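Notes follow once the structure below has been shown.
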Amino acid sequence: MSATISPSGNSSGRPSVPPHGPGRPRPVGPGDRGHTYPGRPRIRPRWGRIALVAGAAVLVLALIGGIFAVNYVSGIDNDLKRTNAFSGLSADRPAKTVEGAFNILLVGSDSRDPDTKDDEANAWRADTLMIMHVPADHKSAQIVSIPRDLWVVVPRSNDAACSDGSRAKINASFAFGGLPRAVHTVECLTDVHIDHVMAIDFGGFKEVTDALGGVDLKVEQTVTSIHRPYRVFKKGMMHMDGAQALDWVRQRKQFSRGDFARMQHQQDFLKALMDKASSSGTLTNPGKLDSFLDAVAKAVTVDQDFSLKDMVLQFRSLRGDNLTFLTSPNKGSETIAGQSVVVSDREKALALFQAMSADKMAEWMAANPVEKS
């Protein structure tokens, strides 16, 4: 497992607003933080923890399926919710350059966040954008987080040229055109071909963890949660159920490293979840396995062509130790047009995404070592 590469990096559904383009009056979208709108509470950023669940879902689901019969997985495949994530996209999308390698856009929705009011439970709140790259040998994976506040050009429509749009936070792409506009915006930003899309509901975090009987996580210092019911996490190894683990990976203010401590906790959780899912205790207990797979299947929404059976075969050699987390290179936060945004380090980001597109991430990581956790 790896930490982010830069200290400066700070399901399905359509938005409730019409799919306006960035050149028209701007709708209220999940990227609009720090503004007050009648009847809408301020939305706090949650991209990191949502991303964690998305990555865990696709990897663990494929891992467990790989160990069991493919026919067993087909039932789960049929139960997955699906959406047309590529609707109306332009014909000049980035080409798929390497046969066998593929990229999944992981998207997180906060529609079941425990802090969401009951009357807003179905509001569109996509706070995660990550590209999961799987090399042609399918023996490893790299997950690159794209900060939700990254300042980018959002194309005017799903079939517009990449240059035909206006600057906005990348998360605003959901409000302008749902998942397809987000896919188009990410492809324009990175020039990386997106093969599949997986969206996951935040509420799945708790249910998936509970289905496994909880996980053991290391607590480096005793802290009290800033969220109700104000749990105390004691230094040492703690066994956590879904609600506890959810609360733990949300903490950041108590740590000197802030968001980077939280990211480390998220990575620790992902590895613990994968290890627990692949343990004999889960695999030899049909009831526990069924509960776990059912929880994951209910939490995710995938594109029309996503095949879990294919993922099972492609991920059969992948384990937690072969998973690397990265953050899209950036120069940190700046104030632009009255908004606090994240500014891309264009040169470094271009090198990273060119390596991803050419399936040369191993070479890129050798030249840009990441700190192992």
Side-chain angles (χ1 to χ4, degrees), residues 2-10 22 31 45 47-48 51 90 92-98 101-106 128-136 140-156 160-173 181-195 257-260 263 267 323-337 339-373:
S2 65
T4 55
I5 63 173
S6 170
S8 60
N10 242 34
W47 68 267
S90 59
D92 61 346
R93 296 178 59 200
K96 185 178 179 67
T97 57
V98 179
F102 60 94
N103 305 298
I104 304 175
L105 183 65
L106 302 177
T128 303
L129 277 176
M130 305 179 78
I131 302 177
M132 177 178 176
H133 174 71
V134 180
S140 65
Q142 297 81 45
I143 298 181
V144 179
S145 300
I146 301 176
R148 55 166 280 162
D149 291 339
L150 194 68
W151 195 241
V152 301
V153 174
V154 179
R156 186 178 301 276
C162 291
S163 58
D164 183 14
S166 297
R167 289 275 177 177
K169 295 178 181 180
I170 195 168
N171 208 37
S173 59
R181 190 73 57 87
V183 171
H184 190 25
T185 303
V186 169
E187 289 189 332
C188 286
L189 171 70
T190 64
D191 203 29
V192 169
H193 180 85
I194 300 300
D195 298 288
R257 295 190 298 139
D259 276 335
F260 296 99
M263 183 171 292
Q267 294 175 0
L323 183 65
T324 302
F325 288 90
L326 306 165
T327 297
S328 181
N330 62 83
K331 297 179 179 179
S333 298
E334 294 182 14
T335 299
I336 299 178
Q339 302 180 69
S340 177
V341 303
V342 175
V343 179
S344 177
D345 187 324
R346 189 168 180 80
E347 183 177 345
K348 292 182 179 179
L350 181 62
L352 167 61
F353 291 120
Q354 283 180 338
M356 180 179 290
S357 181
D359 195 23
K360 294 183 177 180
M361 285 299 293
E363 291 92 331
W364 183 91
M365 289 188 293
N368 300 271
V370 296
E371 180 183 351
K372 290 292 182 179
S373 62

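The chain is numbered in sequence order, starting from 1. Here the structure is a predicted model, which is why all the values come from computation and not from measurement.
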Could you tell me whether the side chain of Arg156 and the main chain of Ser163 form a donor-acceptor pair under 3.5 Å?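 A pair under 3.5 Å: no.
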Which atoms form the tightest heavy-atom contact between [X] and [Y], and what is the distance?
| X | Y | value |
| --- | --- | --- |
| Pro147 | Ser328 | CD-CB, 4.3 Å |
| Ala182 | Ser173 | CA-OG, 3.5 Å |
| Pro135 | Gln142 | CG-OE1, 3.9 Å |
| Cys162 | His184 | SG-CE1, 4.3 Å |
| Pro94 | Glu187 | CD-OE1, 3.6 Å |

Roughly how far apart are Met132 CE and Ser145 OG, rounded to 0.5 Å?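 One finds 12.5 Å between CE of Met132 and OG of Ser145.
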Side-chain heavy-atom pair [X], [Y] within 4.5 angstrom cut-off:
| X | Y | answer |
| --- | --- | --- |
| Val186 | Ile131 | yes |
| Trp151 | Gln339 | yes |
| Phe102 | Ile194 | no |
| Asp164 | Val153 | no |

Side chain to side chain contact (heavy atoms under 4.5 Å, CB included) partners of Val152, counting only residues at least two apart: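 Val152: side chain to side chain contact (heavy atoms under 4.5 Å, CB included) contacts with Leu150, Val154, Ile170, Thr185, Leu189.
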For Asp195, check salt bridge (charged side-chain N to carboxylate O under 4.0 Å, His left out) against everything at least two apart and list the hits.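 Once residues adjacent in sequence are excluded, the partners of Asp195 under the salt bridge (charged side-chain N to carboxylate O under 4.0 Å, His left out) criterion are Lys96.
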Residues that Arg346 engages under salt bridge (charged side-chain N to carboxylate O under 4.0 Å, His left out), provided they are two or more places apart: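 Partners of Arg346 by the salt bridge (charged side-chain N to carboxylate O under 4.0 Å, His left out) criterion come out as none, since no residue qualifies.
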So, are Lys331 and Asp345 salt-bridged, with charged N and O less than 4.0 Å apart?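 No, no charged N to carboxylate O under 4.0 Å.
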Anything under 3.5 Å between a donor and an acceptor, one on a side chain of residues 349-360, the other on a protein residue two or more places apart or in another chain? List them.
residue	atom	partner	partner atom	Å
Asp359	OD1	His133	NE2	2.9
Asp359	OD2	Ala136	N	3.1

